There are 2 protein chains.
Amino acid sequence: MEKITFENIYQTLKKRILAGKYSIKMRLPIEDDLIKEFGSSRYAVRKAIEKLAAEGLVYSVKGRGVVLLEHSPQTQQFNLDLGDVTGVQGLNSGRALDYETDVVAFKQVMVDQALSEKTAFEVGIPVYAIQRVRLINGTRAVIDINYFNAQLTPGITPAIAKRSIYHYLQKKLKLKIAVVKRMLRVDSAAELDQTQLDLGQNNCVGNMISISFNDEGRQFEYTESHFIPNEFNFNQLIRN
Amino acid sequence: MEKITFENIYQTLKKRILAGKYSIKMRLPIEDDLIKEFGSSRYAVRKAIEKLAAEGLVYSVKGRGVVLLEHSPQTQQFNLDLGDVTGVQGLNSGRALDYETDVVAFKQVMVDQALSEKTAFEVGIPVYAIQRVRLINGTRAVIDINYFNAQLTPGITPAIAKRSIYHYLQKKLKLKIAVVKRMLRVDSAAELDQTQLDLGQNNCVGNMISISFNDEGRQFEYTESHFIPNEFNFNQLIRN
DNA sequence: GAGTGGTCTAGACCACGGT
DNA sequence: CCGTGGTCTAGACCACTCC
């Protein structure tokens, strides 16, 4: 039951844009008109427009107005969802798929120098080291290589790893996932990838490296998700 | 000579954060204290904090305060630059490298049905279809496959393509690049990739598909940048 | 010069976190 | 309960675009 004004304005404008109501002149109404229409302040209107801009629907030009970005059925797939992305779900952008998880390794280890340099965890702290293969429609499509800080995320078990670690962290531990920083790469397939993934003829993998932070600013996770080619898309928006 | 208050506050806070001045308690001072310190309004302070948050340096928690995200030398490479990314420069995140451009194809064609479905350009409009290989330190590392809407970006020549199309568009045509939407994929190498790129043993490429919009909201470009494995990183930030 | 978005101020109330 | 960030209002001036 959110009664936030800017959110209502944002939702209304978004619906109209997607329905093509403003496309005649490729412009949004000027701020003053939106203020009058919604009976709200300039702050609320501008915040709604900023949210539309963050999503890649509009672009504001000082002195001119708020421009609509061209969109077509083909370019819809470039649009950002702004949905929160937890774990491997982020890989299947909006696709509903059957998937199964195969826990191929589960250990609790102390961080040594080498692991510290990779994960940025402090030397000596205990971490869960987990490897899980994700089968999507029967295909071994992704291997997640997780390291969780055991002090910040205690009590993870193989059974939890098979279901959903993120569900456990959020619902049971009440851990808030504040920020995830990601790096995307393409790597030559290592032995682990070749033995665990259905690569077919391909000898490379995509590699999504994620480090995740809780709402106290502490990094609780380092994860590499290696995935097979030709199946996964990642969207990005750059605004000037 | 920008005299924008929030920008000054942002710069000052960023310097302090990176210098570790606030790391003792993992918190930024509360808004009221920053307002007093900078002698500015709450608006300016909050806008500065929002910019820090967009960069992945801090995270605001209602009722608690503004938390600093842990950062270490290893995780610095995950930080967002917020620099504008034009063309292939975006691939080499912050690396200074010698590179050379080899124009392997340059045509002006009309968009047919197949090309329209790929690029989202309207059937029948003229486009420049350009293929360029980027040699980085002598390695054929990237092939850019560009389609530019010739009505929006007239006058591109092979000579311009060899130097920098973006430089020409921005400086000569005064075209403003407002927004770039990207999709990142990993693809099996096609014949073009195998013949033009130094793939070595690898038989896959990274594929960065970009569609770019000018400040009137019109899509002027569709580009696929195919790049060799193991060399390029792409950063992303997800905020909840 | 008129119109428009960008920045800024001062002030208010609300919602959430922790004590 | 108090302290904090989130939302909102009303009003002002500036910088840019376009005629």
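Computed from a predicted model, the values in this text were never measured in an experiment. Below, chains carry the letters A, B, ... as their sequence lines are ordered, and counting in each starts from 1.
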**OP:** Only counting residues at least two apart or in another chain, list the ones meeting side-chain hydrogen bond (donor to acceptor under 3.5 Å, both in side chains) with A:N214.
**Re:**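 Residues passing side-chain hydrogen bond (donor to acceptor under 3.5 Å, both in side chains) with A:N214: none at all.
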
**OP:** Please name all residues satisfying side-chain hydrogen bond (donor to acceptor under 3.5 Å, both in side chains) with A:E122, sequence neighbours left out, ordered by chain then number.
**Re:**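 With sequence neighbours excluded, A:E122 shows a side-chain hydrogen bond (donor to acceptor under 3.5 Å, both in side chains) to no residue whatsoever.
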
Original post:
Backbone N or O of B:S116 within a donor-acceptor pair of the A:Q74 side chain at under 3.5 Å?
Top reply: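 Confirmed, A:Q74 side chain pairs with B:S116 backbone.
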
Original post:
Are the side chain of B:E70 and the backbone of A:Q219 linked by a donor-acceptor contact shorter than 3.5 Å?
Top reply: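 Answer holds: yes.
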
Subject >> B:Y128 and B:F106 aromatic ring geometry - parallel, tilted or perpendicular at 30°/60° bounds >> reply: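 Judged by the thresholds at 30° and 60°, the geometry between B:F106 and B:Y128 is tilted.
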
Please give, in whole Å, the distance from [N] [atom2] to [X] [atom1]?
X: B:L52; N: D:dG5; atom1: CG; atom2: P; answer: 13 Å
X: A:I49; N: C:dG5; atom1: CD1; atom2: C1'; answer: 9 Å
X: A:Y59; N: D:dT17; atom1: OH; atom2: C1'; answer: 13 Å
X: A:E7; N: D:dT7; atom1: CD; atom2: P; answer: 9 Å
X: A:I4; N: C:dC16; atom1: CD1; atom2: C1'; answer: 13 Å
X: A:D215; N: C:dC16; atom1: CG; atom2: P; answer: 14 Å
X: B:F6; N: D:dC14; atom1: CZ; atom2: C1'; answer: 14 Å
X: B:N240; N: D:dG5; atom1: CG; atom2: C1'; answer: 17 Å

Subject >> Pairs meeting criterion side chain to side chain donor-acceptor pair (under 3.5 Å) with involvement of residues 32-41 of chain A, two or more places apart >> reply: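 Listed by first then second residue: A:R16-A:E37.
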
Original post:
Got a sec? Which of residues 25-45 of chain B come in under 4.0 Å of DNA chain D, heavy atoms?
Top reply: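 Of all residues in residues 25-45 of chain B, the ones placing a heavy atom under 4.0 Å from DNA chain D are B:I30, B:E31, B:R42.
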
Kindly list each side-chain donor-acceptor pair under 3.5 angstrom involving residues 151-162 of chain B, sequence neighbours excluded, with atom names and distances?
from, atom 1, to, atom 2, distance (Å)
B:T153, OG1, B:N149, O, 2.8
B:T157, OG1, B:A159, N, 3.4
B:T157, OG1, B:I160, N, 3.1
B:K162, NZ, B:T101, O, 2.5

Original post:
Between A:E50 and A:R239, is there a salt bridge with N-O shorter than 4.0 Å?
Top reply: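 Looking at A:E50 together with A:R239, the answer is yes, because their closest N to O distance falls below 4.0 Å.
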
Are any protein N/O atoms closer than 3.5 Å to N/O atoms in nucleotides 17-19 of chain C? If there are, list each pair with its distance.
from, atom 1, to, atom 2, distance (Å)
C:dG17, O3', B:R64, NE, 3.4
C:dG18, OP1, B:R64, NE, 3.3

Subject >> Residue pair A:Y10 / A:E55, side-chain donor-acceptor N/O under 3.5 Å >> reply: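 Checked: A:Y10/A:E55 side chains pair up, N/O donor to acceptor below 3.5 Å.
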
